[in-house]
Amino acid sequence: MILLIQIIDVVAQILGVLVIVSAILSFFMDPYHPIRRGVDNIVQPMLEPIRRVVPNVGMFDFSPLVLIILIQVVKNLLIAFLSSLV
């Protein structure tokens, strides 16, 4: 059970880093660059539903921040649920 909790924690951390990397790469890298496309292929399907709900504020897109918060909330809920089973 502890291994599963650690895996959930690592996956959540990796997803959070990928969201940050995707946001940073969107400023500097061509959208058709293979690295950016690879990161966007992972992150964009999670961002699209959030972008439909959360509007842009001026030229700022807060959907990556919302996604990071949601990843952390889901991670904490899963870990709490698994810890309660032990």
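- A salt bridge (Lys or Arg N to Asp or Glu O under 4.0 Å) check over residues 22-31, counting only residues at least two apart or in different chains, returns nothing.
- The line from CD1 of Ile68 to CE of Met46 is 10.5 Å long, rounded to the nearest 0.5 Å.
- Residues Val66 and Ile42 share a hydrophobic cluster, clusters being chains of Ile/Leu/Val/Met/Phe/Trp/Tyr side chains in contact below 4.5 Å.
- A heavy-atom distance below 4.5 Å is found between the side chains of Ser26 and Arg36.
- For residues 77-86, no pair satisfies side-chain hydrogen bond (donor to acceptor under 3.5 Å, both in side chains), with sequence neighbours left out.
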Exercise answer: donor-acceptor pairs, residues 1-24 side-chain atoms, under 3.5 Å, sequence neighbours excluded:
| residue | atom | partner | partner atom | Å |
| --- | --- | --- | --- | --- |
| Asp9 | OD1 | Lys75 | NZ | 3.2 |
| Ser22 | OG | Asp40 | OD1 | 3.0 |

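- Linking Ile, Leu, Val, Met, Phe, Trp and Tyr whenever their side-chain heavy atoms come within less than 4.5 Å leaves Leu82 and Leu77 in two separate clusters.
- Under the 4.5 Å side-chain contact rule for hydrophobic residues, Ile79 and Leu85 share a cluster.
- For Arg51, the side-chain hydrogen bond (donor to acceptor under 3.5 Å, both in side chains) partners are Gln44, Asp61, Ser63, not counting sequence neighbours.
- With values rounded to the nearest 0.5 angstrom, Ile50 atom CD1 is found 14.0 Å from Phe62 atom CZ.
- Both Val39 and Phe27 belong to a common hydrophobic cluster when Ile, Leu, Val, Met, Phe, Trp and Tyr are linked at side-chain heavy-atom distances under 4.5 angstrom.
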